[in-house]
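Heads up, the thing below is written out as structure tokens.
Indexing begins at 1, ligand by ligand and atom by atom, following the structure's order.
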Amino acid sequence: MRVRGMRDVLPGEARRWRDVESAMVDVLDRFAYQEVRLPMLETVELFSRGVGEATDIVEKEMYCLTDRDGQAMALRPEGTAGCARALDENGMLYNQTQRVFYRGPMFRYERPQKGRYRQFHQIGVEAFGLSGPDIDAELIQLGCELWRALGIAGEVRLELNSIGSPAARAAFREALIGWLEPRKASLDPDSRRRLATNPLRILDSKSEETRRALDNGPAFKDYLDDASSEHYAGLKALLAELDIDYVENPRLVRGLDYYTRSVFEWTTDRLGAQGAICAGGRYDGLVELLGGRATPAAGFAIGVERVVLLHDAVHGVSPEVPADVYCCVLQPGLHGAALAAVQRLRRMAPALRFRVHAGGGKLKNQLKRADRSGARWALLFGEAEIREGLAALKDLRGSAEQERLRLADVAARLNGRRAAKE
Ligand code: HAM
């Protein structure tokens, strides 16, 4: 039985994942971000320090294990802390800037539902060593370009906020606690608990009553320190210059403790409750918190499952056709020669996918399989064809007569048809 919260990605969907991921990686390449590949297993300490003890992720969502040396390990719940650790440990943050991305599975023990899984995948993008709003703006521009490349730009909305310096946040936190303490009775149970541990998270509570309790309460913008205000204004000016639309959301606080200043999230209305497809922000304190030199940084991570769901919702899902050409072998003794002939064809028509029938059987049954496979063409190899270096090409979706052709002509015909279709 599959473990709860895990997903099997089967052929049709896996193909769409590959298309979606490679479209995004192409964009990242064009922005000159470099890929890093990072471990899935890290120490628990990395996340309790980096992401924060009082966050949901560390408090209750990590998959932890003790290894044979008694070390407390966790399957990574997110990629930023590991990325900061890796670049610092490999001396890549000393006196240099880095713009990198990573991809792969993350693990969180959350309540599974559509768009929320216990193993999910992210493409994460991080920039280190750059403190100005220019890099925040580039990251957001990069995000917009990703959505454009996937044809989903019209379906997403950018939400933006600044959560300032740790000191500003601490002052706001006190004010918020002071405001909510007398209104505790109207908070939902989660928020009541958070009032003591992580009160800022109450701001993004979905409970109506809690939201009402927050109305007219302290506003973060009144606590923002001057340097953060200036940074935020700089970012908004750049976004205006780039013609990038956004909605300011003063209640956007994010669930991880390492953020400072800009935070942002792309959301969609097409996926129900799990509408955040991508989120991130600046985290100027993280590298130092993990033991490195103070290094400004910013980044975001895309939820691949959610982006694929959105892509499917927008573009529809067409059935997976595994092969373009289904090759039938009329007698068992001809199989070796047919495999060799098809291999020559693959080299001559590299854009096409050839599947060779396996397991023998009558031609009629092989053609039935060919038809069911969804392939456009069947290619038949009989004794005479093999002897003469020919193959019989049959258009399974049209009315044209079957034709016996030399292999080079088969390739030319298939390439030509392909070209004509495109
Ligand atoms: P996050 O908001 O926790 O941020 O996750 C980023 C994205 O991952 C979410 O917007 C969502 O699309 C996806 N995601 C999160 N949890 C799940 C889940 N259980 N199932 C499916 N998708 C999920 C981070 O992880 C930060 N490390 C982002 C970042 C990078 N900040 C700076 N750099």
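Contact check on Arg85 versus Glu42 returns a salt bridge, with a Lys/Arg side-chain nitrogen under 4.0 Å from an Asp/Glu carboxylate oxygen. Asp269 and Arg157 are joined by a salt bridge, as a carboxylate oxygen and a charged side-chain nitrogen come within less than 4.0 angstrom of each other. The pair Lys184-Glu181 meets the salt-bridge criterion, since a charged nitrogen lies less than 4.0 angstrom from a carboxylate oxygen. Taking a cutoff of 4.0 Å between a charged side-chain nitrogen and a carboxylate oxygen, Asp324 and Arg376 do not qualify as a salt bridge. Salt-bridge check for Arg211 with Asp204: failed, with every basic side-chain N at 4.0 Å or more from each acidic carboxylate O. Taking a cutoff of 4.0 Å between a charged side-chain nitrogen and a carboxylate oxygen, Arg16 and Glu13 do not qualify as a salt bridge.
With sequence neighbours left out, Lys236 forms a salt bridge (Lys or Arg N to Asp or Glu O under 4.0 Å) with Glu248. Partners of Phe31 under the ring-ring contact (aromatic ring centres under 6.0 Å, His included) rule, at least two apart in sequence or in another chain, do not exist in this structure.
The ligand atoms of ligand 1 that sit less than 4.0 angstrom from a heavy atom of Gly280 are 31 (N). Residue Ile277 has at least one heavy-atom neighbour below 4.0 Å for each of these atoms of ligand 1: 10 (O), 12 (O). Heavy-atom contacts of Gly115 reach the following atoms of ligand 1: 20 (N), 21 (C), 22 (N) (cutoff under 4.0 Å). Every atom of ligand 1 with a heavy atom of Thr80 under 4.0 Å away is listed here by number and element: 26 (C), 27 (N), 29 (C), 30 (C), 31 (N), 32 (C), 33 (N). Those atoms of ligand 1 with a heavy atom of Ala279 less than 4.0 angstrom away are 2 (O), 10 (O), 28 (C), 29 (C).
Contacts between Met106 and ligand 1, counted as non-hydrogen atom pairs separated by less than 4.0 Å, are absent for every part of the residue. Contact annotation for Glu265 and ligand 1: no heavy atom of the residue comes within less than 4.0 Å of the ligand. Only side-chain heavy atoms of Leu256 come within less than 4.0 Å of ligand 1; its backbone N, CA, C and O stay farther off. Residue Gln274 does not touch ligand 1, judged by heavy-atom distances below 4.0 Å.
Applying the side-chain contact (heavy atoms from CB on, under 4.5 Å) test between Leu379 and each of Val329, Leu407, Val325, Leu414 identifies Val325 as the sole match. When each of Arg201, Arg193, Arg194, Arg108 is checked for a salt bridge (charged side-chain N to carboxylate O under 4.0 Å, His left out) with Glu59, only Arg193 meets the rule.
Ranking the protein heavy atoms by distance from atom 13 (C) of ligand 1 puts Gly303 CA, 3.6 Å first. Atom 19 (N) of ligand 1 has Glu110 OE2, 2.6 Å as its closest protein atom, hydrogens excluded (heavy atom only). Protein heavy atom closest to atom 32 (C) of ligand 1, with residue, atom name and distance, is Gly299 O, 3.2 Å. Nearest protein neighbour of atom 4 (O) of ligand 1, counting heavy atoms only, is Arg254 NH2, 2.9 Å. Of the protein's non-hydrogen atoms, Ala301 O, 3.7 Å is the one closest to atom 7 (C) of ligand 1. Summary of contacts: the protein heavy atom closest to atom 33 (N) of ligand 1 is Glu126 OE1, 2.7 Å.
Taking any N or O of Ala276, backbone or side chain, at least one lies under 3.5 Å from an N or O belonging to ligand 1. For ligand 1, the polar-atom distance check finds an N/O of Gln122 within less than 3.5 Å of one of the ligand's N/O atoms. In terms of polar-atom proximity, defined here as any N/O pair under 3.5 Å, Arg116 makes no such contact with ligand 1. Between Tyr258 and ligand 1, at least one N/O pair is under 3.5 Å apart.
No donor-acceptor pair under 3.5 Å is formed between the side chain of Arg251 and the backbone N or O of Leu203.
Closest non-hydrogen pair, Arg261 versus Ala227, comes out as NH2-CB, 3.3 Å.
Ring geometry for Trp266 versus Phe264: interplanar angle over 60°, hence perpendicular rather than tilted (30 to 60°).
Taking the ring centroids of Phe220 and Phe172, they lie under the 6.0 Å cut-off.
Across the listed options Gln113, Arg108, Glu78, Arg108 owns the non-hydrogen atom lying nearest to atom 3 (O) of ligand 1. For atom 31 (N) of ligand 1, the choice among Trp266, Phe107, Tyr259, Phe264 with the nearest heavy atom turns out to be Tyr259. With Tyr283, Tyr117, Phe120, Tyr109 as candidates, the residue nearest to atom 22 (N) of ligand 1 on a non-hydrogen basis is Phe120.
Within the structure, the closest approach of Cys278 to ligand 1 falls below 4.0 Å when heavy atoms are considered.
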